Amino acid sequence: VKEELKKRIQDSIARHQPRPKWQFIGLVTGRNILLAALLTLAVVALGLGIYETVDLRLWVAPPAPPGSPWRGMAFLPWEIILALGLMATGIYLILRHTGTLYRWPKWVLALMVVALLIVAGLAMMPWKTYRHFVRAPAACQVLRHPVPRGGLGQQVWGRALEVEETRMSLRDDRGGLWDVLFNEKTKYHGGHLVPSAPVMVDGISVAPFRLQAFGVRVFAEDEMDCVFGPPPIPNSSTNNHSGL
Amino acid sequence: MEQTNQSDEKLATASLKDKRSFDILVERYTDRIWRYTSRLTGNHREAEDITQETFLKAFVNIAGFNPKLKFSSWLYRIAHNESVNFIKKHYRHRKVAFDETVLYTSSGEKTMFDKLIVQDDIRLARHALAHLASRDRAILELAFFEDKSYLEIADILKIAVNSVGPSIHRAKGKMKKICEEIK
């Protein structure tokens, strides 16, 4: 039987040719490129998420409908799914490609998954959680002296005066009068933008005391003292800007 | 003559240009692969087809073999996948109809497995082995019949090296239980 089988195998082999090496090289290269692209996307998505949460702070998500559990989240649901999916795919491909998927103990893999979830969770920290930090005294200190953003980027803290569809005027916590411009990319968070609402604006300076807003965060009245300190003295503007 | 003394990995690399190199590998491994697939599938005739398919796949994809790794592990892996696919395809909803004669080596030589147990119990143990799930059977086959190292078993079955020991232990436990039930 063995000899017969060997003969059969040799006969079947004689009718075939090995696939050329370039096919395998192409396959591996293509897989590596795909892997690198997926990982880059995942890292960018995650990195942006962290950046937005930490640096742009509180308003990063476009306004979700009032009452929605996603209101104030740094990520939208589809972004979360995409980022997690990409990361999981990337990690799976790396592990599979390097053979660690089966060579490493399961608990190491489980630990990696937990670490991934923790990082993703931190990146997606909802605003409602962040708000507790805002209320803490130390956080107030941070908010009063925000991290320098460099370039022309600027953060302004103040109280909305006149609010229109494409602009608003703002009195900052030092009494300066600002013209804040909105466009279709401006993000809002924290509630209705109404006159006298305490707000924080993040944007780019386009002229003295004129800001193109990236995002506007509206504070609740009860947070105002923590963020701004005592209310500004009326008519104590330190600039002569009167373009409103 | 010189070719026959070469390592498997060198022969595998040479097979890309020279089919005769692969014929030597066929000579070397047909028995072992056939025996392994026979035990996994429980069927001589099907095992022959699977063995043929294994070698054909190995030959067609020989350019994808990494010569830094062990050729035998790579070949066993293909054979294992082919056997598992066969079992899934044909025995999805029923137990493998096991032909006990496949448990004996064609040369009649004693395997490491046989040396471990008392002669009288060989038949019983082999019967129990036939009733194990294919994965448990595969790990015992590789460890005791094929005398593979833990690293090779891990490579063939794609499991963690340090879970090979516990898996063998678990499979042996199941086998013992089946033996007790049969008694």
Side-chain angles (χ1 to χ4, degrees), chain A residues 1-39 87-117, chain B residues 12-35 37-38 44-45 47-66 68-69 73 77 105-107 150-151 153-164 166:
Chain A
V1 173
K2 278 186 295 179
E3 289 309 314
E4 196 183 310
L5 178 59
K6 280 176 194 171
K7 185 86 175 58
R8 260 173 63 189
I9 292 168
Q10 281 162 354
D11 286 347
S12 68
I13 286 168
R15 291 195 297 272
H16 291 83
Q17 285 296 326
R19 282 163 66 188
K21 195 152 192 163
W22 63 262
Q23 279 188 14
F24 292 93
I25 293 170
L27 196 72
V28 171
T29 311
R31 192 171 56 186
N32 287 346
I33 290 171
L34 182 71
L35 183 65
L38 284 174
L39 281 177
M87 277 189 290
T89 311
I91 289 173
Y92 174 77
L93 286 174
I94 286 181
L95 294 179
R96 183 156 184 109
H97 189 53
T98 54
T100 45
L101 192 64
Y102 64 93
R103 281 172 181 267
W104 282 10
K106 292 277 186 296
W107 66 267
V108 174
L109 298 173
L111 208 65
M112 284 174 67
V113 171
V114 170
L116 173 73
L117 289 177
Chain B
T13 314
S15 302
L16 263 173
K17 290 172 186 170
D18 182 12
K19 278 187 183 178
R20 279 175 301 177
S21 302
F22 198 81
D23 286 345
I24 297 169
L25 290 171
V26 172
E27 282 285 333
R28 279 185 196 173
Y29 282 99
T30 303
D31 277 4
R32 284 187 251 178
I33 295 295
W34 174 75
R35 220 164 49 213
T37 52
S38 294
H44 283 310
R45 191 168 291 277
E48 282 178 21
D49 291 342
I50 293 170
T51 307
Q52 185 180 347
E53 194 60 31
T54 300
F55 279 102
L56 188 60
K57 275 199 173 170
F59 178 68
V60 170
N61 296 299
I62 197 77
F65 167 67
N66 180 357
K68 288 175 189 166
L69 304 176
S73 296
R77 176 77 201 154
T105 57
S106 48
S107 59
Y150 277 19
L151 191 64
I153 294 173
D155 279 339
I156 293 166
L157 298 180
K158 296 266 177 194
I159 56 175
V161 178
N162 52 5
S163 73
V164 172

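Lettering follows sequence order; numbering is per chain, from 1. Everything numeric in this text was worked out from a predicted model, so none of it was measured. Computed over heavy atoms, backbone and side chain alike; hydrogens, waters and symmetry mates excluded.
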request  = For A:His16 and B:Lys19, work out which heavy atoms get closest and say how close.
outcome  = O-NZ, 2.8 Å
key: Pairing residues for A:Arg19 by the side chain to side chain contact (heavy atoms under 4.5 Å, CB included) criterion, not counting sequence neighbours   = A:Gln23, A:Phe24, B:Val60, B:Asn61
inquiry  = Just to verify, what does B:Glu27 make a side chain to side chain contact (heavy atoms under 4.5 Å, CB included) with, not counting sequence neighbours?
reply    = A:Lys6, A:Gln10
query = Where is the tightest heavy-atom contact between B:Glu48 and A:Leu5, given as atom of each residue plus distance?
reply = O-CD1, 3.6 Å
Heavy-atom closest contact (B:Ser15 atom, A:Pro18 atom, distance) = O-CG, 4.3 Å
query = Got a second to check how far A:Ile9's CD1 is from B:Trp34's CH2, nearest 0.5 Å?
reply = 11.5 Å
request  = State, yes or no, whether a side-chain contact exists between A:Ile13 and B:Val26 at a heavy-atom distance under 4.5 Å.
outcome  = yes
task = Kindly compute the distance separating CD (A:Glu4) from OG1 (B:Thr30), expressed to the nearest 0.5 Å.
result = 12.5 Å
